[in-house]
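In what follows, a single structure is set out as structure tokens and then discussed.
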Amino acid sequence: SDCLQSSDLTRTDFLVDTDYFMAVAVLSAQRSKDPNTQVGACLVNQDNKIVGTGHNCMPNDCEGKLPWNREGAKLDTKYIYVCHAELNAIVNASANADVKGCTMYVTLFPCNECTKLIIQAGLKEVVYLCDKYHKTPETKASKKMLDMAGILEYERFDSIKSDKNISVRCAWEENFFYSEKNHKLPSKHRVHNDVMGNSQTNSQILPLTAAAHLHHGKPPPALQVKIEQQDR
Ligand SMILES: O=c1ccn([C@H]2C[C@H](O)[C@@H](COP(=O)(O)O)O2)c(=O)[nH]1
């Protein structure tokens, strides 16, 4: 009966591992200085331990000296300089750990360059949150390579696995409500487009829990996944 009593006291609304790892990726994304898209990655080994995190940033000692522009001559845009979140997570982890067999939790589907790195580093799984560039050749190439590599599985972060997963997804998607387009609408009519492109209204969204705590109950700072930027 002692056993029963102690099990009665067990918390049931704890943060499950997958939610925690994605929440760490979401939090890492917020370290990014990219004004348009913040990406975070969290690398987890086979013992379920975090071995590295990363966000998109300029190379060491170049921060503040290189442009964050999206448009213009190639040398004047961020694209040619920025270190992607996945690269940073792998490099950060590699200093102290073996990344082979790790799972990457990442807020944005990896681009083709990151996918090459992910495959060559021997990662076994990619769990992603947002696939806003799914129509681009880069993302299509990524999926092609991941499929070919076989050893890798990739799956979208799934709100079905646990209730908490939903809250982490909402944290990301919440920024839709703060996009200029939606902001002008009365709260319950604001359109919510989830990462798969399904639309819902605000009233259908479950309340933020885990992620809201990360943000001290306030909506998360804009993660800038804007509907109008889905097609590049
Ligand atoms: O797999 C990826 C793809 C992109 N990023 C980074 C690189 C840039 O800083 C942004 C993308 O900027 P947009 O303005 O949305 O084009 O995301 C990454 O870290 N990992």
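Every number for a ligand or one of its atoms is a count from 1 in the order of the listing.
- No side-chain donor-acceptor contact under 3.5 Å links D47 to the backbone of K49.
- Contact annotation for H84 and ligand 1: heavy atoms of both the backbone and the side chain come within less than 4.0 Å of the ligand.
- Contacts between H55 and ligand 1 below 4.0 angstrom, taking non-hydrogen atoms only, are absent altogether.
- Shown in contact with N36 at under 4.0 Å from a heavy atom are these atoms of ligand 1, numbered in order with element: 13 (P), 14 (O), 15 (O).
- Here the shortest heavy-atom pairing between D131 and T139 reads OD1-CG2, 3.6 Å.
- Between the N69 side chain and the E71 main chain, no donor and acceptor come within less than 3.5 Å of each other.
- Ligand-side atoms of ligand 1 in range of V82: 7 (C), 9 (O), range being under 4.0 angstrom from any heavy atom.
- Numbered from 1 in the order shown, with element, the atoms of ligand 1 that lie under 4.0 Å from a heavy atom of N56 read 6 (C), 8 (C), 9 (O), 10 (C), 17 (O), 19 (O).
- Using a 4.0 Å cut-off between heavy atoms, M58 makes no contact with ligand 1 at all.
- Side-chain atoms of S32 do not come within 3.5 Å of backbone N or O of H55 as any donor-acceptor pair.
- Set against the non-hydrogen atoms of D34, the atoms of ligand 1 under 4.0 Å away are 8 (C), 9 (O), 10 (C), 12 (O).
- A donor-acceptor pair under 3.5 Å is absent between the side-chain atoms of Y81 and the main chain of D76, judged by distance alone.
- Any N or O atom pair closer than 3.5 Å counts here, and E86 shares at least one such pair with ligand 1.
- Ligand-side atoms of ligand 1 in range of P110: 1 (O), range being under 4.0 angstrom from any heavy atom.
- Proximity of a side-chain donor or acceptor of S142 to a complementary backbone N or O of T115 within less than 3.5 Å is not detected.
- Inclusion of C111 in the set of residues having an N or O under 3.5 Å from an N or O of ligand 1 is warranted.
- For the ring pair (Phe, Tyr, Trp, His ring centres under 6.0 Å) test, residues two or more places apart in sequence or in another chain that qualify with F109 are Y128, Y154.
- The shortest N or O to N or O distance between A85 and ligand 1 is below 3.5 Å.
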Determine, step by step, whether L123 and C102 satisfy the side-chain contact (heavy atoms from CB on, under 4.5 Å) criterion, reporting the C-alpha distance in whole Å, the side-chain angles of both residues, the deciding distance to 0.1 Å, and the verdict. CA-CA 5 Å; L123 268 58; C102 282; 4.3 Å; yes
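- Using a 4.0 Å heavy-atom cutoff, Q38 is absent from the residues neighbouring ligand 1.
- Between the side chain of N56 and the backbone N or O of V39, at least one donor-acceptor pair lies under 3.5 Å.
- The option with the heavy atom closest to atom 14 (O) of ligand 1, from among E71, E113, K132, K78, is K78.
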